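Before any comments, here is the structure.
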Amino acid sequence: MSPSQRKAHDENLIKTNSPSIFNSNKSDFMKLKQQINSILLDALQQAGIEAQAVQVSDASKPEFGDYQYNGIMALAKQQKRNPREIAAEVVAHIPTDGMIARAEVAGPGFINLWLDTNWVSQSVQMLVGDARLSVDTVDTPSKVVVDYSSPNMAKQMHVGHLRSSIIGDTLANLFAFLGDEVIRQNHIGDWGTQFGMLIAYLEEMGEDGSGSLSDLEQFYKDAKGRFDADAAFADKSREYVVKLQGGDVHCLHLWDNFIDKSLGHCEEVYSKLGVNLTREDVRAESSYNDELAGIVTALDDKGLLTLSDGAQCVFLEGDENPFLVQKSDGGYLYATTDLAAIRYRVQTLGADRISYVVDARQAGHFRQLFSVARQAGFAKPDTRLEHVSFGMMLDKSGRPFKTRDGGTVKLIDLLEEAVIHAKEAITSREAYSDEELERIAEIVGIGAVKYADLSIHRDSNYIFDWDKMLSFEGNTSLYLQYAYARIQSILRRYEGEVSGAIILTTDPERALALKLLQFEDMLHRAAAESLPHYITTYLYELATLFMKFYETSPILKDDVDEVTRQNRLQLSVLTGETIQRGLGLLGIGVLERL
RNA sequence: GCACUCUUAGCUCAGCUGGAUAGAGCAUCGGUUUGCGGUACCGAAGGCCACAGGUUCGAAUCCUGUAGAGUGUACCA
């Protein structure tokens with residue numbers, strides 16, 4: 001994706017492509033839970049009960065309605081009153097002539113709420129023709145920096161970069177869709193002693209190096225081999241590190257060339273993965289080099305530094321280990337660079353929130369980093385700094401994901417394998433041309449890899465299993481893509497224009513419609529907690545409800561009257577659009593036929 | 001040693017501010033077919049939520065301890 005395409009991508013996430021005529025008053029129908037909360041709060045006040053904020057939750061069972069409020073018991077305790085009595089008073093003040101049709105006290109003092117079916121019908125009608133599916137943007141947009149992927153230029157991207165790249169990209173897409181201004185930052189590792197060796201070797205291989213750099217992994221191994229075997233080469237490598245840091249033109253040229261090629265490899269992976277990172281988003285480690293001395297000075301001015309064993313450290317309260325910002329030999333560390341990056345992001349980019357999508361092993365580093373950044377004033381007190389951590393990728397037997405001989409798995413190889421597995425999985429009912437099969441397998445295979453990762457809680461380790469991720473059964477991308485294709489099939493068969501009103505009459509229709517309405521609440525929750533698996537869980541539930549609806553509710557059969565048919569077609573269209581939008585946020589494509 | 005994270009059905013995982021009888025999928029067993037795409041749907045069975053205490057009207061969820069697993073622990077990033 002080119003920079004201009006990327007820009008268009010983000011803008012499209014916010015823009016409403018085909019404005020609904022209902023947009024003017026759509027806020028009346030938006031943010032389901034907030035509206036219910038506010039109705040409940042009013043009722044509490046009218047019943048003379050003090051409450052700060054109330055939060056309803058989804059009903060735990062269908063018998064308990066659509067939503068339930070569990071907070072009465074706690075309030076009753078504060079007031080030393082009987083919870084059922086209070087609940088009854090509150091229920092008496094809940095209007096049941098609009099959004100809510102029924103409110104009941106249950107058990108020790110739960111309040112169960114049923115939404116009015118007509119209200120649901122009208123609300124879902126609002127989604128028709130709205131490219132945003134009535135998902136509102138946030139009231140006050142933030143500037144959000146999402147720091148993700150961040151590969152090291154010395155080596156080829158491997159599976160260790162997969163999770164950061166796709167979780168980060170999803171969050172960036174999500175924040176943008178919800179109206180925040182997103183600044184993607186690819187903090188690539190392009191500096192350090194190994195680059196002396198690499199450029200010295202590049203020089204030997206011929207400066208252009210385009211041939212020898214085609215396999216970075218091999219290039220690194222070869223260079224390391226030379227380094228270990230030849231003392232003269234090793235000396236030259238060390239000399240080149242110094243020269244590079246000193247701004248030597250020849251070495252810088254070699255280095256530029258090397259980084260350019262290496263970044264090119266990354267872009268190949270991003271393109272195949274459908275990750276929206278461009279060169280515009282690259283802000284390399286080396287770009288902070290000139291600021292590092294100033295960072296140390298600034299920390300010193302604040303009185304935060306202690307010299308310990310010759311190194312400049314910040315000692316943090318309750319922390320055994322210091323935060324090192326300058327080595328005893330005067331060199332700087334990644335801690336220093338990270339501080340410079342925070343300062344840049346807050347002070348120059350104007351970030352309100354910075355999300356670091358980095359694996360869980362670095363939790364300690366980020367805790368220290370954030371603490372020091374605040375103490376030094378690089379981040380404001382209200383700057384939201386968060387480590388969006390994630391667990392490891394494990395193989396089927398629960399061990400860290402490696403190649404058969406224990407090496408790291410190159411990301412590009414993994415993705416190619418995904419496409420091969422996908423071809424096997426989609427033994428199709430119709431014969432595809434080779435070209436078509438390739439296209440479908442790519443969308444299915446890459447989608448499966450991404451979905452498998454995004455569908456589990458990011459904090460836990462997850463088992464990488466081809467068979468499971470490429471199954472049509474269970475919570476997989478294929479199940480969703482199949483549901484989508486099925487919907488498109490109906491629409492193709494119908495051929496006419498879908499234009500009727502949504503009038504919900506049956507339970508499966510109603511359940512599906514309500515789920516469609518909950519898309520917005522779910523997205524805001526996923527964004528607030530930076531948890532992509534809320535999206536996949538929702539989409540799977542949505543698709544499941546659609547399948548049930550589909551089984552029980554004929555659409556195109558001869559004996560279906562036109563009003564019912566239009567109603568059901570509309571629900572199908574909306575379901576398809578929601579699946580497409582949801583998967584789109586995850587960077588996963590859909591297919592018209594499968 | 002210390003710190004952090006984790007432990008939910010045979011397996012892979014959900015479980016929002018503490019709430020009602022802890023939910024899915026896979027696998028197992030049993031159903032649905034003159035099917036708008038059956039790669040679907042319905043049902044059954046499967047649980048001491050690691051263990052022991054505590055707080056609470058109420059705990060998978062909060063606190064303490066124990067066991068097991070993983071990760072991190074000053075001059076790499």
Side-chain angles (χ1 to χ4, degrees), chain A residues 33 53-61 63-64 68 70-74 76-77 83 106-110 112 150 152 154 189 191-194 285 308-313 318-329 331-335 337-338 359-365 367 389 391-392 396 398 400 425-430 455-457 459-463 465 467-468 471-476 478-479 482-483 485-490 493-494 521-522 525 528-529 531 533-534 536-537 540-541 544 547-548 550-558 560 565 568 572 593-594:
Chain A
K33 268 192 193 172
V54 299
Q55 186 66 48
V56 293
S57 45
D58 298 346
S60 54
K61 287 166 180 260
E63 310 93 272
F64 299 153
Q68 64 183 63
N70 309 323
I72 294 291
M73 279 80 83
K77 192 173 177 158
F110 297 104
N112 293 337
S150 306
N152 191 313
W191 206 246
T193 50
Q194 72 256 49
E285 275 180 350
S308 171
D309 290 342
Q312 293 289 358
C313 309
D319 205 327
E320 191 182 355
N321 299 313
F323 191 63
L324 263 72
V325 294
Q326 190 170 23
K327 298 194 282 187
S328 50
D329 68 1
Y332 302 104
L333 297 112
Y334 80 130
T337 313
D338 280 349
D359 77 275
R361 286 177 300 193
Q362 303 211 33
H365 168 69
R367 218 175 0 251
S389 65
M392 290 185 297
K396 234 172 156 175
I426 51 170
T427 46
S428 54
R429 61 187 72 227
E430 39 191 318
S455 60
I456 60 146
H457 198 298
D459 261 331
S460 55
N461 297 336
Y462 87 101
I463 312 270
D465 181 348
D467 294 333
K468 204 181 150 221
S471 167
F472 280 84
E473 291 160 352
N475 186 10
T476 66
L478 258 177
Y479 181 79
Y482 174 69
R486 227 175 170 183
I487 290 167
Q488 302 318 305
S489 168
I490 297 165
R493 276 182 72 103
Y494 175 62
D521 281 342
M522 178 280 298
R525 202 160 77 94
E529 299 181 44
L531 289 175
H533 82 281
Y534 285 167
T536 60
T537 301
Y540 178 58
E541 287 167 358
T544 302
M547 292 294 196
K548 287 177 189 183
Y550 180 87
E551 290 294 322
T552 56
S553 319
I555 301 170
L556 300 181
K557 287 187 179 167
D558 291 343
V560 178
R565 176 173 296 165
R568 291 177 178 172
S572 302
R593 292 170 208 270
L594 193 56

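All values below were derived from every heavy atom in this structure, side-chain atoms included, with hydrogens, water molecules and symmetry-related copies excluded. The structure presented is a predicted model; accordingly, all values stated were derived computationally and were not measured.
- Interface remark: the A/Ser57 side chain does form a donor-acceptor pair with the B/U17 base, using a distance-only criterion of under 3.5 Å.
- Heavy atoms of A/Ala53 sit nowhere under 4.0 angstrom from any nucleic acid atom.
- Counting non-hydrogen atoms under 4.0 angstrom, A/Ala363 reaches nothing in the nucleic acid.
- The residue A/Ser553 sits close to a base: some heavy atom pair falls under 4.0 Å.
- Nucleic acid contact for A/Met547: sugar-phosphate only, since backbone atoms but no base atoms lie under 4.0 Å from a heavy atom of the residue.
- Between the CD atom of A/Glu529 and the C1' atom of B/G15 there is a distance of 12 Å, given to the nearest Å.
- Side-chain atoms of A/Ser308 and base atoms of B/A74 include a donor and an acceptor less than 3.5 Å apart.
- At a threshold of 4.0 angstrom between heavy atoms, the contacts of A/Asp309 include nucleobase atoms, whether or not backbone atoms are also involved.
- By the 5.5 angstrom centroid cut-off and the 30-degree plane limit, A/Tyr479 is classified as not stacked against the base of B/U39.
- Each of A/Leu478 and A/Ile555 has a nearest nucleotide on RNA chain B; the 5'-most of these lies closest to A/Ile555.
- As judged by a 4.0 angstrom heavy-atom cut-off over every strand, A/Phe64 is placed among the base-contacting residues.
- The base of B/A77 does not come close enough to the side chain of A/Asp338 for any donor and acceptor atom to sit less than 3.5 Å apart.
- Here the side chain of A/Lys33 is nearest to one of B/C16, B/C26, B/G37, namely B/C16.
- Toward the 5' end of RNA chain B, the nearer of the two residues A/Asn321 and A/Pro554, judged by each one's closest nucleotide, is A/Pro554.
- Using a 4.0 Å heavy-atom cutoff across all strands shown, A/Arg361 reaches sugar-phosphate atoms only and no base atom.
- The ring of A/Tyr540 does not lie on top of the base of B/A24; it is either too far (5.5 Å or more) or too tilted (30° or more).
- Of the candidate nucleotides B/C36, B/A14, B/U12, B/U12 has the atom lying nearest to any side-chain atom of A/Ile463.
- A/Glu320 comes within 4.0 angstrom of a base, heavy atoms only.
- For the pair A/Phe323 and B/A74, the ring geometry does not qualify as stacking, because the centroid separation below 5.5 Å and plane angle under 30° are not jointly satisfied.
- A/Asn112 comes within 4.0 angstrom of a nucleotide base, judged by non-hydrogen atoms across all strands.
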### Query
When Watson-Crick pairs (N1 to N3 and N6-O4 or O6-N4) and G-U wobble pairs (N1-O2 and O6-N3) count only below 3.5 Å on both distances, what is the dot-bracket string of RNA chain B, with | for other-strand pairs?
(((((((..((((.....[...)))).(((((.......))))).....(((((..]....))))))))))))....

